[in-house]
Asks: 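Input: one structure, supplied below.
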Amino acid sequence: MTFESITLYEDEQFTRPINVQLSDLSPVGDWSTGNNNTTTIGTGETAITFEAYEGNPNFGTPFGIVTDAPPLVENKPAAGTDPAITPDWHDKMFYIKPNMSIKISMYKSGSNLKTAINTYCAGTAIRSGADSQTESINNARGIRFGVLRRKTVQSICIYVRTSNTSCRCIWISPNFWDGTAKVHTPSKSKNTTPSGYGGARGQSNEGRTPQSMYSTINILSHTIGENGIHAYELRGNQLQTLYEKLWSSNILTKITNSVVKPTAGLLSLHMLPIQPTVAETGYNGIHVCGTAYNLGSSTFWVTEQIKSTDMFVRNISDADGFTESFLDYSPYISAQLELPFCGVVPIDINKIMGGALGVRYIIDILTGNCLAEVYFKDRAQPDSSLWQLYSRYSGNCAYHIPITADENGGRQMLGIFGGLSTVGMGAATGNPMLAMSGLGAATGAAMMPNDVGMIGTFSQNVACLAGDLFIRLHLTVKDDLTILDGETDMLQKISGLPAGVYGKVSDFVGTSEGFLQGEIHLEGVKGSAAELAELVSVFESGVIV
Amino acid sequence: MTVRLYKYSGEKNRLDKTALLGTYFDTDATIKGTFNVEAPQLVLNYTGGRTISEYNYASMVVDGVTYYYYVTISGEIGNRMLCTCARDPLMSFKTDLLNCSIIARRTSMQGKVFGGLGYNSFLQDPLHPILQTTTSMDLRGQDGGEASLGVLLNGAYSWNTKPILITVG
């Protein structure tokens, strides 16, 4: 497998990418043999290079492995361990997905830092005394490295190697990091040829697979104490506990809740047909309007706002009972694709016959809005990795659960998130009611009963009542009647089948009796004019050969 | 000259009639009038013993070439019968015809799906009878499995029963 680009993420939730395009990278080659340790890293810069491979290239001892476990926390060197080294510890976590193997080489300016880095850098098995450290991370989610900042080091830069002699900086840290875990927004890259070495290397996808191309919007907050929009996955009796908190019989609670209405901070309660990505909050409560509510057990918050399902793929092949003839195409076959929550949409059978159909859902955990992406491969390339986008269809898959009759404030906020967007020429209805009836596209947001503002009402997303979540392709096939007791070969034998080819008459004479009809060119036939005309006529009518 | 008479029961538009040339017999014949190789008239010196009217096809060698004819036998007077012949160009020029080129519009010969000598099943066939009735096929997931949203619980896809609460603040 190859990759079109390697994307680094500043955060563990993969929401802030630093994308490295293939055009940035040097040609495929062996970096370990091409590394030139004599290149001087610029003053005030520390260059990090890394390569990414699929699988385990077995370069060496794993370094700084980041797994699904919490990120490694490196031990900071104690102050004063080395007077020449500041106690500040600057580390940067880059996350890479999907799971890959990463080889890291580190280069630093000046020999004085060499030993320091080797000693204090994250991870183990660092060779000391080397100009560079090359390690491998097998099946890692990301890389984390730490570089001690000497007083002369102004910034940490990531360079992209564009050739054996030139690099391009794709990221520069702000000067003088404060050493906290704060994530820094990357500054604009500078297209220079620094004296430093650096780089990242990825490989290229053969055509696009759609899995990597969808929105990475994430406005969810999942930091303790940080205000924002939170999405919690309630488990066990947590919902019941929440109700008890909201409508407690305790007079003090009642008074408090009457002053600061917690329901104003409850935007939505809904169920989804997928499992979102969650992480343990680390405490037993949820945050609403600045108040923590203890639900009595560990709570989990959603870390990814946009979730994509796997690609559901169906090859459309002769094994499905098709005839491998014109009867497999329109108007003899019509196709409809049943997309849960989006409706039943017509599919051009001519595009998918002999190829494949793929469906992927992209779901907004926050609102339940979903986008069904339909892809296809045509007959010419059924096994290709290239998927072509057929169209996108929108809907809403959230089953809303009313939790309060309070319509103030909450409804106004909900209006921001409610509603649907219709994308693409082939968009089906965003109105699940119409989707259920298969009548076609809805018109206008006013017809959307699945508005998130359902809290406080008993209107629901009707489509959710159809518990059937299957994605199906329905084909309607016109029946063909074959002659002579249903033997399909009789039609071929007696009257032939359409050809449109040129050859000698003998080319169309087989070992068994057949039929031939066409325009014959009489070369070397010594008949009379009338006989020649008769021959032309009889061949145009068809002869038994 | 000698004429071979056949009983032929096959189609007129059959290129090679050899396999269907049934019972035959040879008889002597004389040319009546001027010989026209396309439509000669012959007087058969028939010796009897057959239902001569059943014989409708003939072959004769003219200048070393065998030609085939449809024949109509009439005017039986004793053992002498008038035989009116019409040359069958398909059978008579069969060998030359096999070497002729043709743009085949319909053929029974099976060709490759896209190209090659033979029929192309992807060309629409106006002769193929199509009913107005329909049959529905339900394609599901790959390999007959289910393509479904939902989380897998106890072997079936269903909703994620853990609700999502969206809060602000």
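So that the names make sense, note that chain A is the first sequence line, chain B the second, and so on, each numbered from 1.
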Asks: Could you walk me through whether Arg105(B) and Glu540(A) pass the salt bridge (Lys or Arg N to Asp or Glu O under 4.0 Å) check?
Replies: CA-CA 9 Å; Arg105(B) 287 199 299 273; Glu540(A) 283 185 349; 5.3 Å; no

Asks: Between Ser101(B) and Glu523(A), is any side-chain donor less than 3.5 angstrom from a side-chain acceptor?
Replies: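 Side-chain D/A pair, Ser101(B) to Glu523(A): present.
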
Asks: Which bit of Tyr332(A) is near chain B, if near means a heavy-atom gap under 4.5 Å: side chain, backbone, both or neither?
Replies: side chain

Asks: Under a 4.5 Å cut-off applied to non-hydrogen side-chain atoms, are Leu522(A) and Phe93(B) in contact?
Replies: no

Asks: Under the criterion side chain to side chain contact (heavy atoms under 4.5 Å, CB included), I'd like the reasoning laid out for Val545(A) against Asp16(B): C-alpha separation, chi angles, the key distance, then a yes or no.
Replies: CA-CA 7 Å; Val545(A) 294; Asp16(B) 186 353; over 6 Å; no

Asks: Which atoms of Glu11(B) are under 4.5 Å from chain A, going by heavy atoms: the side chain, the backbone, both sets, or neither?
Replies: side chain

Asks: Looking at Tyr502(A) and Leu117(B), what are the two nearest heavy atoms and their distance?
Replies: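 Taking every non-hydrogen atom into account, O-CD2, 3.1 Å.
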
Asks: Determine the minimum heavy-atom distance between Leu98(B) and Lys504(A), stating which atoms define it.
Replies: O-CB, 4.0 Å

Asks: Which answer fits Ile363(A), side chain, backbone, both or neither, if we ask what part of it has an atom under 4.5 Å from a heavy atom of chain B?
Replies: neither

Asks: Can you say whether Val538(A) sits under 4.5 Å from chain B via the side chain, the backbone, both, or neither, judging by heavy atoms?
Replies: side chain

Asks: Glu233(A) and Asn160(B): side chain to side chain contact (heavy atoms under 4.5 Å, CB included), yes or no, with the steps?
Replies: CA-CA 10 Å; Glu233(A) 182 183 74; Asn160(B) 181 8; 3.6 Å; yes

Asks: When rounded to the nearest 0.5 angstrom, what is the spacing between OG1 in Thr167(B) and CG in Leu269(A)?
Replies: 11.0 Å

